[in-house]
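Owing to the predicted nature of the structure, the values given are computational and were not obtained by experimental measurement. Numbering starts at 1 and runs along the sequence shown. These numbers come from the heavy atoms of this one structure, side chains and all, not from hydrogens, waters or symmetry mates.
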Amino acid sequence: MKLLFAIVNRDDANTVVRNLSRSGFSSTRLATTGGFLLASNITLMIGVEDDRVQQVIDIIKKYSHSRTQLIPTGDLGMDLDTATPLEVSVGGATIFVVDVDRFEKV
Ligand code: 2BA
């Protein structure tokens, strides 16, 4: 069994979760904050059998969109001598797949 941690955009989270559920995957959503932009995002925890991991990744990929965000460089605490905002591409989704030693529902 694997545990997937999927960091998705807040605006995509409901669609991703709904489509995971439709395909029979349970998920837990955590309200998280990106360390770089300090913007809210959602981290999904999804426990799944090994042979279904790719199916989960495909669903997340399908419903997670990439976005471009302009941020004032001052917000990042950078010592840049310019007023030009920085363009940052965020997403689709960042996914970690880790092994699960034991899984029980009691
Ligand atoms: P943030 O940390 O707020 O990062 C938002 C976006 O800013 C990133 O998009 C990336 O394009 C850019 N970025 C991040 N760190 C940077 C840096 N040191 N210098 C320049 N640009 C940087 P994504 O890569 O799509 O990441 C979206 C969110 O996924 C991240 O939000 C973070 O919450 C999470 N994430 C991404 N990679 C991670 C990792 N290796 N470990 C843990 N969380 C990660």
Side-chain angles (χ1 to χ4, degrees):
M1 187 178 207
K2 305 285 188 199
L3 180 62
L4 277 69
F5 291 94
I7 302 157
V8 301
N9 192 288
R10 215 172 29 159
D11 296 336
D12 294 330
N14 286 348
T15 315
V16 170
V17 167
R18 195 167 50 243
N19 282 282
L20 286 171
S21 181
R22 272 185 192 148
S23 298
F25 298 110
S26 296
S27 63
T28 296
R29 52 186 286 173
L30 307 170
T32 47
T33 303
F36 188 65
L37 295 182
L38 301 180
S40 301
N41 52 31
I42 300 290
T43 299
L44 300 176
M45 290 171 53
I46 307 148
V48 62
E49 293 308 324
D50 290 30
D51 60 348
R52 299 194 76 193
V53 167
Q54 192 56 48
Q55 202 183 337
V56 171
I57 292 174
D58 289 345
I59 292 169
I60 295 169
K61 187 175 175 181
K62 182 171 179 183
Y63 296 103
S64 297
H65 302 108
S66 171
R67 295 167 171 82
T68 301
Q69 222 164 308
L70 286 174
I71 41 170
T73 47
D75 286 4
L76 298 172
M78 291 178 175
D79 191 20
L80 297 178
D81 186 23
T82 172
T84 311
L86 188 68
E87 190 174 285
V88 177
S89 168
V90 186
T94 300
I95 304 171
F96 299 90
V97 181
V98 300
D99 288 324
V100 174
D101 286 341
R102 181 167 164 174
F103 169 72
E104 294 202 25
K105 283 185 173 173
V106 295

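- Shortest non-hydrogen contact noted between Val48 and Met1 is O-CG, 3.3 Å.
- Under a hydrophobic clustering in which Ile, Leu, Val, Met, Phe, Trp and Tyr are joined whenever their side-chain heavy atoms come within less than 4.5 Å, directly or via other members, Val97 and Met45 fall into different clusters.
- Residues Lys2 and Val53 share a closest heavy-atom pair of CG-CG2, 3.6 Å.
- The two residues Ile95 and Ala6 make their nearest non-hydrogen contact at CG1-CB, 4.1 Å.
- Of all heavy-atom pairs between Arg10 and Ser40, the closest is CD-CB, 3.8 Å.
- Hydrophobic clustering (ILVMFWY, side-chain heavy atoms < 4.5 Å, transitive): Val56 and Phe5 are in distinct clusters.
- Side-chain contact check for Leu20 versus Leu44: some heavy-atom pair is nearer than 4.5 Å.
- Asn9 places none of its side-chain heavy atoms less than 4.5 Å from the side chain of His65.
- We find the CG-CZ distance between Asn14 and Arg29 to be 5.0 Å, quoted to the nearest 0.5 Å.
- Residue Thr32 holds its OG1 atom at 6.0 Å from CD1 of Ile42, rounded to the nearest 0.5 Å.
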Would you please test Gln69 and Leu37 for side chain to side chain contact (heavy atoms under 4.5 Å, CB included) and show each step?
CA-CA 9 Å; Gln69 222 164 308; Leu37 295 182; 3.8 Å; yes
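- Both Ile59 and Ile57 are assigned to one and the same hydrophobic cluster, defined by single-linkage of ILVMFWY side chains at heavy-atom distances under 4.5 Å.
- The shortest distance between side-chain heavy atoms of Val90 and Asn41 does not fall below 4.5 Å.
- When all heavy atoms are compared, the tightest approach of Ser23 to Arg52 is O-NH2, 3.2 Å.
- Residues Leu4 and Leu30 do not share a hydrophobic cluster, defined by chaining ILVMFWY side chains whose heavy atoms lie under 4.5 Å apart.
- Residues Asp12 and Tyr63 form no side-chain contact, since every pair of their non-hydrogen atoms from C-beta on lies 4.5 Å or further apart.
- Between Val8 and Val17, every side-chain heavy-atom pair lies at or beyond the 4.5 Å cut-off.
- Nearest heavy atoms, Ile60 versus Ser64: O-OG, 2.7 Å.
- Legend: residues meeting salt bridge (charged side-chain N to carboxylate O under 4.0 Å, His left out) with Arg22, ordered by chain and number and at least two apart, are absent.
- Remark: Asp58 engages Gln54 in a side-chain hydrogen bond (donor to acceptor under 3.5 Å, both in side chains) (not counting sequence neighbours).
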